[in-house]
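This report concerns only the one structure given below.
Convention: sequence-line order gives letters A, B, ...; per-chain numbering from 1. Everything numeric in this text was worked out from a predicted model, so none of it was measured.
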Protein chains: 2
Amino acid sequence: MSFALDDLDEVSQTLKLLGDKTRLTMMKLLEKQECCVCELVEIFKTSQPSVSQHLRKLKDAGLVKEHRKGQWIFYSVNPNSMQNELIQKLIAFVPSQDHELEELDKKGLRISCD
Amino acid sequence: MSFALDDLDEVSQTLKLLGDKTRLTMMKLLEKQECCVCELVEIFKTSQPSVSQHLRKLKDAGLVKEHRKGQWIFYSVNPNSMQNELIQKLIAFVPSQDHELEELDKKGLRISCD
DNA sequence: TCATTATATAACTATATGCTTATATAATCA
DNA sequence: TGATTATATAAGCATATAGTTATATAATGA
């Protein structure tokens, strides 16, 4: 069961976070598929600190979770966040990012473990 | 018929706009009921220029419409905006602002024309 | 253990944002 | 017409934000 998020501050805080193109796209990507930082650096064509700082904000808000696999840290959307119902509705409006993941595969830059 | 808003920039731009507590609350209010600037000044307990500037941003994005009645200019949510489907989903998560309108009535500060 | 790779964090900078004060425009009313 | 009321806009300021560079931490592998 997901309980409704009915608090003005939390809604506006969440919208402010996702009012950034990079973070909004990240959520769309990480909803479908967990990614490590270096994959996101490749996808967003930006610096590693920039990616880490965006992820930090999403994590602080509880929107993503992380787990380490060896040297990599993988991030994905936290399905148990209080804001998840809102998040799901939002990212439905964001264009699919599947092509980004396919690009990664093509370039052989996809990280996979186990 | 409402057509889906499927553009990353427009979605993130809309979320950034509504990632402000004042503007988010305004949209919730103006969805239910048109208000003039002076009513919003009373409700938000802030300055008139501040309210006007927020409304300006919402209007520039096409999210609200205005019409003058005598000396007052009334604003309301524009149901024909390209983002309306997204807006409706968003403001469903915002707590009702009915009490604000009731407060106005009680204080005799509600503007009505015709 | 040392070098390499992945990630996080800190400090700095440039730009964006929201509010304030002051002023301009527009409508109403005496 | 002049005073009042409602609203918009401009300029200035303080804070927030996102990116950069430099550095720290952590895991891997030779």
Side-chain angles (χ1 to χ4, degrees), chain A residues 8-9 12-27 30 34-61 63-76 104 107-114, chain B residues 8-9 12-27 30 34-61 63-76 104 107-114:
Chain A
L8 183 57
D9 289 279
S12 64
Q13 203 27 61
T14 302
L15 299 187
K16 176 175 283 182
L17 267 174
L18 299 199
D20 175 278
K21 230 199 297 193
T22 302
R23 286 191 294 266
L24 183 61
T25 309
M26 278 181 175
M27 289 298 283
L30 300 179
E34 66 175 19
C35 289
C36 68
V37 177
C38 59
E39 290 173 321
L40 295 171
V41 167
E42 177 64 25
I43 289 172
F44 289 101
K45 311 246 178 296
T46 184
S47 68
Q48 175 267 313
S50 175
V51 169
S52 280
Q53 284 158 13
H54 282 300
L55 288 169
R56 179 77 203 282
K57 291 186 182 189
L58 294 174
K59 192 176 60 126
D60 285 350
L63 302 187
V64 299
K65 58 194 175 76
E66 53 171 25
H67 74 280
R68 186 180 275 275
K69 280 188 190 168
Q71 47 186 163
W72 298 283
I73 298 177
F74 285 81
Y75 285 86
S76 56
L104 266 195
K107 295 192 210 156
L109 294 174
R110 193 61 162 283
I111 309 293
S112 55
C113 309
D114 325 83
Chain B
L8 184 56
D9 288 280
S12 64
Q13 204 26 61
T14 302
L15 299 187
K16 176 176 282 182
L17 267 175
L18 300 201
D20 175 275
K21 229 197 300 191
T22 302
R23 286 190 295 266
L24 183 60
T25 310
M26 278 181 176
M27 289 298 283
L30 300 179
E34 66 175 19
C35 289
C36 67
V37 178
C38 62
E39 289 173 323
L40 296 171
V41 167
E42 176 65 25
I43 289 172
F44 290 102
K45 311 246 179 293
T46 184
S47 69
Q48 175 268 312
S50 176
V51 168
S52 280
Q53 285 157 13
H54 282 299
L55 288 170
R56 179 74 202 281
K57 291 185 182 189
L58 294 174
K59 191 176 61 129
D60 284 350
L63 302 188
V64 299
K65 57 193 175 77
E66 53 172 23
H67 74 279
R68 184 180 278 273
K69 278 188 191 168
Q71 47 186 164
W72 298 284
I73 298 177
F74 285 82
Y75 285 86
S76 57
L104 267 194
K107 295 191 211 156
L109 295 174
R110 193 62 161 285
I111 309 294
S112 55
C113 309
D114 327 82

Whole-Å gap separating [atom2] ([N]) and [atom1] ([X]):
| X | N | atom1 | atom2 | answer |
| --- | --- | --- | --- | --- |
| B/Gln48 | C/dT20 | CD | C1' | 12 Å |
| B/Phe74 | C/dA26 | CZ | P | 20 Å |
| B/Gln53 | D/dA10 | CD | C1' | 9 Å |
| A/Gln71 | C/dA6 | CD | P | 6 Å |
| B/Ile73 | C/dA26 | CD1 | P | 10 Å |
| B/Met26 | C/dG18 | CE | C1' | 12 Å |
| B/Leu18 | C/dG18 | CG | P | 11 Å |
| A/Trp72 | C/dT4 | CH2 | P | 17 Å |

According to a strict under-4.0 Å criterion, is [X] in side-chain N/O contact with OP1 or OP2 of [N]?
| X | N | answer |
| --- | --- | --- |
| A/Arg68 | D/dA26 | no |
| A/Lys57 | D/dT17 | no |
| B/Tyr75 | D/dA6 | no |
| B/Lys21 | C/dG18 | no |
| A/Arg56 | C/dA8 | no |
| A/His54 | D/dT17 | no |

**OP:** Give the C-alpha distance, both sets of side-chain angles, the deciding distance and a yes or no for side-chain contact (heavy atoms from CB on, under 4.5 Å) between A/Ser50 and A/His54.
**Re:** CA-CA 6 Å; A/Ser50 175; A/His54 282 300; 3.9 Å; yes
Original post:
Which is it for B/Leu55 and B/Leu40 under the side-chain contact (heavy atoms from CB on, under 4.5 Å) test, yes or no, and what are the steps along the way?
Top reply: CA-CA 10 Å; B/Leu55 288 170; B/Leu40 296 171; 3.9 Å; yes
Subject >> B/Lys69 to B/Phe74, cation-pi by 6.0 Å centre distance and 45° axis angle >> reply: yes
Original post:
Do B/Leu63 and B/Leu17 have side chains that get closer than 4.5 Å, going by heavy atoms?
Top reply: yes
Subject >> Close side-chain approach of A/Trp72 to A/Glu39, heavy-atom, < 4.5 Å >> reply: no
Picking from [options], which would you name as closest to the side chain of [X]?
| X | options | result |
| --- | --- | --- |
| B/Ser50 | C/dT17, D/dA18, C/dT20 | C/dT20 |
| B/Asp20 | D/dT17, C/dT20, C/dG18 | C/dG18 |
| A/Ser47 | C/dA22, D/dT20, C/dT17 | D/dT20 |
| B/Pro49 | C/dA8, D/dT9, C/dA26 | D/dT9 |

Subject >> Closest-nucleotide ordering on DNA chain C, the 5'-leading residue of B/Arg23 and A/Val37 >> reply: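 Its nearest nucleotide being more 5', the pick is A/Val37.
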